[in-house]
Structures are given as structure tokens and as C-alpha cells.
2 protein chains.
Amino acid sequence: MIRAAMDLFDERGFEQTTAGDIAERAGVTERTFFRHFADKREVLFDGSKTMECTAHDAILAAPAGHSPLDAALAGMVAAGELLEDRREHAVRRSRIVAANPSLQERELLKLAGVVEVTAEALRIRGVSEPSAALAGHSAVTVFQVAFTRWVSAQQPLALTDCIAENAAALRALK
Amino acid sequence: MIRAAMDLFDERGFEQTTAGDIAERAGVTERTFFRHFADKREVLFDGSKTMECTAHDAILAAPAGHSPLDAALAGMVAAGELLEDRREHAVRRSRIVAANPSLQERELLKLAGVVEVTAEALRIRGVSEPSAALAGHSAVTVFQVAFTRWVSAQQPLALTDCIAENAAALRALK
DNA sequence: CTAGATGATGACAGTCGCTGACATCGCGTG
DNA sequence: CACGCGATGTCAGCGACTGTCATCATCTAG
């Protein structure tokens, strides 16, 4: 169904595609579609839970000596590695999302979720407020900016490297 | 209509309030409600355009010597001053938003808009990428964390001070 | 091997968010 | 007074989503 949805979104756009259309192409009924996805948008955000967990675990696994920001960034790198070998798919998906505000909303909500688990993981590491929240936000910011650059790059480059570069640029801010 | 909507959201919650309910209490038709607001959620985000403009102007008006981050933060302070004397309303509104994911989505989209105009204003100031984007995100992050603290504080305190404190905490991140 | 439990799906009706089209009304202008 | 214009009411309709019940396959206990 995910593949059916992405194909249709590519062909006619998100708004012009009805939930029934997706279901039909996937060979099921509309009702079944909504049993698998809470709403029509969710079909594009399947892996977000996995990303959250990956980041969370990576932050807890980071060396004890890491600063809050470094630990949080380790989480972003780990999450980024999930995408590294699926750039094709990520580019396609991000183009669809960029074309529709309601999908951007959902993307932002998912990212806010990542900020939350990141901050939570930092708190478990003993980081207190407001540093945990700020570091969580900052790490996700770096991820976001790096991701944008990664998907819009002409020649392929490593997302991990983008993250490192933007992390350095963030620290360089006065 | 805005007041009618907020009252109803307080009484029964956002989901349990139909667009027709709001219109009825406001003494108009559902159709006219949708002529004034693009959708049911938008009724809670009336001042967001004003905030964007205020921030944009303040950033351009910031002293030339300010660093990108300082200029962006000046924009957040200016935006924050719009709320300073309406804390009552802000608290009520933020409680409603916090209770409903789809409202959080919309809030995040509005904040993303602020990030955009902030970055754009910085670019006009001659800041290049990725610094403009990173500083824009960072400033809004500070605003967000400061706002959260401001609305949840027991004894009233100044939003401007919250912003300053969190800006300092952000810079203290290693 | 059969009866019953369990989980996924189809079928269908209904609510609500939202839109387009047309009619109406109040108001200022020439 | 006639006319234009902007705001509103009315109505029909689509699509997103949900609750409910029936069906069917699979699995398990006896």
C-alpha cells in the first residue's frame, strides 16, 4: 500500500489522490487502508517510529564523556544511517512532502517527536533542563538542515558528513 | 468567532466541537466561518502572520554589529513582546493546543514559517547558508523553550527574560 | 477431526470538514 | 434611483474517517 500511495502521489499529487484510489491500486478496500494507517498522510511516515527508537538508543549508548549536544548528535547520525542507503526513496518522498503543506505539518510533528525522545534520552543521561530540550532541538535542527542539503545535492554525498558539517557550523554561530 | 471557538474548545475540547457549533455560537453560518478561516484549526492561529512580520522587521532593524544569532534573537524578543501583555490568553490557547495533536501540527507549521522568515531576514543581512538556516532554527528553538517555560510558570515572569536565559543556555551548550 | 477462538478483511451507513455555485442583502457611488 | 460590490445565507456534494456487523482464514483445544 505504501508503494501504491507513493506512485499515485507522484502521478497526480497528494490532494488529487483519494484514499479509495490508493486502496484500489493496492487491491484492498478503503476501510482496510484506514485500519493500517491512522490517516491518509501517515502512509508516508512509516519509519518514523524506528527513527525515534534508533536515536534514543544511540544517545544512551554514546560515551559518557560526550557533551549533551555531542550525544544528541550521535543519535542523529545513527538515525541518518538508516537513510544512507535509501537516498533514492528519501528524495522521492521528500519531494512529495515538499509539495504539500499538510504533509509538511505531519513531518514537523514527527520531527517534534524526535526532539522529544532525544531530550528524554539526554535527561536519562543526567542532563537537566533547559539544556536537554535545547540540545534536543539543536540536534534535530542540524539533522533537518543536513537532510535538506543531502536530498538536494547534485552529486551524491554522505548524510553523515552533512550532519558533521552542519554541526560544526552550528557551533560556529556566535 | 475566535472567542466563540476558544470557549467551545475549552468546554468540550477541539474534536468534540464542530465547525457548525462555532458558527452558531458566533451567530453566523458554517459557510461564513470557512470564508474567514481556511480551516477549523486556523481560528487559533490568527496572529501568526503578525508575529512573522514583527520578527522579520526587528531582525532587519538590529544593529549591524550583531552576530546572526543575536539578530535572530532580537526578532524573537520583538515577537515575544507582542505576547507579553496577553499572558492570560496565551496560556489558555497553549493549553488547548497541547491537548490536540492536529493543533500541534499547525503550531509547528507556523513556527516553521517563522524559521523561514527569520532565515530570510538574515540572508538579507548578508548571512549565507547554512548559517542563516541554523541561526533561524536556533532562535526559534530558544523562543519555543522560553515560551513553554513562560506559560507554565507559577508566578508571572517576563517572556523577554525567559528568552534571554535560554539564549544563554543555548550558547553554553558544548 | 471438529468446535470454538482470534484476527484480518469486506460491506455499509453515517458524521464532519470543507468547497463550489447561486441567490440575497446592505451599502456607498454616480 | 440604478448600479456595483462585498459580505452573508442556502444548498448540494465530495472526500476523510469511523462504528458496526458479517465473513472468512488460521490456529488451537479437546
Side-chain angles (χ1 to χ4, degrees), chain A residues 1-50 93 95-110 112-113, chain B residues 1-50 93-113:
Chain A
M1 301 174 82
I2 296 177
R3 193 158 37 242
M6 286 198 51
D7 290 346
L8 285 168
F9 294 164
D10 260 343
E11 293 171 19
R12 334 175 185 167
F14 177 78
E15 304 258 17
Q16 284 63 45
T17 304
T18 119
D21 292 340
I22 303 172
E24 185 182 4
R25 178 165 302 199
V28 295
T29 50
E30 184 182 333
R31 191 64 185 87
T32 307
F33 174 85
F34 284 115
R35 281 197 185 97
H36 287 269
F37 303 99
D39 60 60
K40 191 179 138 191
R41 290 174 277 170
E42 206 64 19
V43 73
L44 284 177
F45 299 88
D46 196 47
S48 74
K49 199 74 193 172
T50 308
R93 184 183 157 289
R95 200 177 49 233
I96 296 173
V97 171
N100 189 286
S102 81
L103 290 173
Q104 295 168 37
E105 283 190 342
R106 182 56 51 88
E107 178 119 297
L108 291 167
L109 191 67
K110 299 297 185 184
Chain B
M1 300 174 82
I2 297 177
R3 194 161 32 245
M6 285 197 53
D7 289 347
L8 284 167
F9 293 163
D10 260 345
E11 293 171 19
R12 334 174 184 167
F14 177 78
E15 305 258 16
Q16 283 64 45
T17 305
T18 174
D21 293 339
I22 303 172
E24 185 182 3
R25 178 165 304 198
V28 294
T29 297
E30 182 182 333
R31 191 64 183 88
T32 37
F33 174 84
F34 283 114
R35 277 198 260 261
H36 287 270
F37 303 99
D39 60 59
K40 191 178 136 191
R41 289 175 277 169
E42 206 65 16
V43 73
L44 284 177
F45 298 89
D46 197 47
S48 74
K49 199 75 192 171
T50 308
R93 184 183 157 288
S94 102
R95 199 177 49 231
I96 296 172
V97 171
N100 189 288
S102 82
L103 290 173
Q104 295 168 37
E105 283 190 340
R106 182 56 52 85
E107 178 120 297
L108 291 168
L109 191 67
K110 299 298 185 185
L111 285 169

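Proteins get letters first, then strands, A, B, ... in listed order; numbering begins at 1 in each. Everything numeric in this text was worked out from a predicted model, so none of it was measured.
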Hey, does the side chain of [X] come within less than 4.0 Å of [N]'s phosphate (OP1/OP2), counting only N and O?
X: B:Thr18; N: C:dG17; value: yes
X: B:Thr29; N: D:dT8; value: no
X: A:His36; N: C:dA8; value: no

What closest approach, in Å, do [X] and [Y] show between heavy atoms, and which atom pair accounts for it?
X: A:Val97; Y: A:Leu44; answer: CG2-CD1, 4.5 Å
X: B:Asp10; Y: B:Arg95; answer: OD1-NH2, 3.8 Å
X: B:Arg25; Y: B:Ala4; answer: CG-CB, 4.0 Å

How about CD on B:Glu24, more than 12 heavy atoms from neighbouring residues, nucleotides or ligands closer than 6.0 Å, or not? no
A:Glu42 and A:Lys110 ion-paired at < 4.0 Å: yes
Send over the distance from [X] [atom1] to [N] [atom2], rounded to a whole Å.
X: B:Glu15; N: D:dA16; atom1: CD; atom2: C1'; value: 13 Å
X: A:Lys40; N: D:dC14; atom1: NZ; atom2: C1'; value: 12 Å
X: B:Glu42; N: C:dG17; atom1: CD; atom2: C1'; value: 14 Å
X: A:Glu30; N: C:dG14; atom1: CD; atom2: C1'; value: 13 Å
X: A:Asp21; N: D:dC14; atom1: CG; atom2: P; value: 14 Å
X: A:Glu24; N: C:dA11; atom1: CD; atom2: P; value: 13 Å
X: A:Arg41; N: D:dC17; atom1: CZ; atom2: C1'; value: 12 Å
X: B:Phe34; N: D:dG9; atom1: CZ; atom2: P; value: 14 Å

Quick one: label B:Ser102 by what it contacts on the DNA or RNA (base, sugar-phosphate, nothing), any heavy atom closer than 4.0 Å. nothing
By nearest nucleotide on DNA chain D, pick out whichever of B:Gly27 and A:Arg31 is the more 5' one. B:Gly27
For A:Arg35 and for A:Ala19, find the nucleotide of DNA chain D with the closest heavy atom, then tell me which residue's nucleotide is more 5'. A:Ala19
